[in-house]
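Keep in mind that this is a model prediction, so the values were computed, not measured. Labels below follow one simple rule: chain letters A, B, ... track the order of the sequence lines, proteins then strands, and each chain is numbered from 1.
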Protein chains: 2
Amino acid sequence: MSLQRNQDMSHQPLYLQIKEALKKQILDGDYAPFERMPSESQLMKSFDVSRITVRQSLRDLHAEGLIFTSQGKGTFASKPKAMQDVQHLEGLSEAMTPKGYETSARLLSIREVKPSKDVQENLNINGKEGAIEVVRVRYLNREPISVDTSYFPIAVGQKLFARDLSGDIFPLLENELRVPLGRADVSLEARSADSDTAKLLDINVGSPIMWVQRLTHDSSGKPVDYEYLAFRGDAYKYRFQIERDPSRNSGFNEVIK
Amino acid sequence: MSLQRNQDMSHQPLYLQIKEALKKQILDGDYAPFERMPSESQLMKSFDVSRITVRQSLRDLHAEGLIFTSQGKGTFASKPKAMQDVQHLEGLSEAMTPKGYETSARLLSIREVKPSKDVQENLNINGKEGAIEVVRVRYLNREPISVDTSYFPIAVGQKLFARDLSGDIFPLLENELRVPLGRADVSLEARSADSDTAKLLDINVGSPIMWVQRLTHDSSGKPVDYEYLAFRGDAYKYRFQIERDPSRNSGFNEVIK
DNA sequence: TATTATTACATGTTATATCAAGTTAGTTTC
DNA sequence: GAAACTAACTTGATATAACATGTAATAATA
């Protein structure tokens, strides 16, 4: 296994490279659920790194739930997480498209920018690469309801310059640019509108807005779109259903033995 | 600072002892949010351990969201945000406890009331029946983060009078009152704090709050708890993942983006 | 044969030591 | 005075080393 070592720029830490390599193997099914993985000393040899570096990789994988360890026994691939149902999606789309209303978008700007720390971390790019920023205002029945600020990696984002961005970007990505979309991480919080946002949304400064951060990945798990969505508080409601988790178990050590 | 070292049995690893000591300091408010904490070398001296041990403690605290670091600058106490997962139905303290936060609740009132239209419809009771109203302020790390107003049908609610309501109500319902919980309907929106809420949450009137309505059913589908949760906007974040449904090309992609 | 040591190997914990890289404040230089 | 340099911090990454502790298979023993 060859790692990109510290000779020039543009390299990731060894432990991250190892983590990604192992992660890929697990996700590719090279290790079946509950199958034992190579021991730390084996990994040290095959990657030619110290134990600390190996353990740092394993710790990250553990934190992501991809592996678990058992002292004296070894390290094992986890059972892959069950897919979430799609009920959330239904709730969100329902909130977004009340029947009989039309949505549209107005493009404010599209340009290459030096990405902020937050954008860098989420898109997994370094500060030297640029990112493509797209700012739009979205309307529901002629009324502004959100300001969307999206960041794309250069490779993907450059293709957007020549496209019509007055509609939806996701179908454009999927159908025209052939970027298969996968998981998205979303967070919601209530904030106050700053003056720019307030002006665009036609509300008073300080009015409540729903602040949404969403990181969308392609089907291989690579980030393709990180965005901030500022929704007018009085025009946005997020509905969904959740199930009580009946299994309150702890730890998988029992499973092995 | 004296640590229990490896002389006999019944001791915890040094890094865990250090982690707990620092955690206590943070939760006790010895370090204000965003305040710089002692550097790694200072911690090495004061605890008389190696840097690796200190860093292991800090890594755990970081994973729990209690601190954040900035290379070259230092390590800082976080302003903790309550985060809940949408996948499962759980109360706040259930969600937060495994992440290293301390939660508590203060009971403001519990009484029988004539239910509002909204409560009647959601609990599926008529205006002649009463309902039990429980109002509480919930705290995270000693700071108020939400005002919870819950309504229960008489049958369930009466049993709550004799109970300790300073913790989470869900486990109480399930374990002590033997009410098996099932699905819940939830909605989130951003609102402004009214004067009562603002006073209880120690924020200014008009500050953004996350307004949550939640209707919880038992496992047979009968409503058992309808509640309004007013979260401080700066202390609450709702986070979840969604999967793209490959079988359907419409869905959330088109709607949102 | 059944039990007990032994041994080999697994992860867990901790120490010491470098070098890299980001930040800050002071000092020098132009 | 402003810009550049430097020194002294900070956290980040990585190597080598040792011992503790848990597990499993094998060998020795009762």
For this session: Please state whether the phosphate of C:dA10, meaning OP1 or OP2, lies under 4.0 angstrom from any side-chain nitrogen or oxygen of A:S39.
Result: yes
Exercise. C:dT13, D:dA13, D:dA15: which one has an atom nearest the side-chain heavy atoms of A:Q56?
Worked result: D:dA13
Exercise. Across the strands shown, which category fits A:R36 at heavy-atom distances under 4.0 angstrom: base, sugar-phosphate, nothing?
Worked result: sugar-phosphate
For this session: Test for a donor-acceptor pair under 3.5 Å between the base of D:dG12 and the side chain of B:R51, counting only N and O atoms.
Result: yes
Problem set entry | A:T53 side chain near D:dA15 phosphate (N/O to OP1/OP2, under 4.0 Å) | yes
Exercise. Side chains of A:Y151 and A:E133: do they bring a donor and an acceptor to under 3.5 Å?
Worked result: yes
Exercise. Which one, C:dT11, C:dT14, D:dT16, comes nearest to the side chain of B:P13?
Worked result: C:dT14
For this session: Could you label the plane-to-plane angle of the B:F68 and B:F76 rings as parallel, tilted or perpendicular, counting under 30° as parallel and over 60° as perpendicular?
Result: parallel
Problem set entry | Listed nucleotide nearest any side-chain atom of B:Q71, set D:dA20, D:dA15, C:dG22 | C:dG22
Exercise. Does A:T69 place a side-chain N or O at less than 4.0 Å from the phosphate oxygens OP1/OP2 of C:dG12?
Worked result: yes
Exercise. Are B:S70 and C:dG22 close enough that a side-chain N or O sits under 4.0 Å from OP1 or OP2?
Worked result: no
Problem set entry | A:S41 vs C:dC9: side-chain N/O to OP1/OP2 distance below 4.0 Å | no
Problem set entry | B:D60 and B:S57 side chains, donor-acceptor separation under 3.5 Å | no
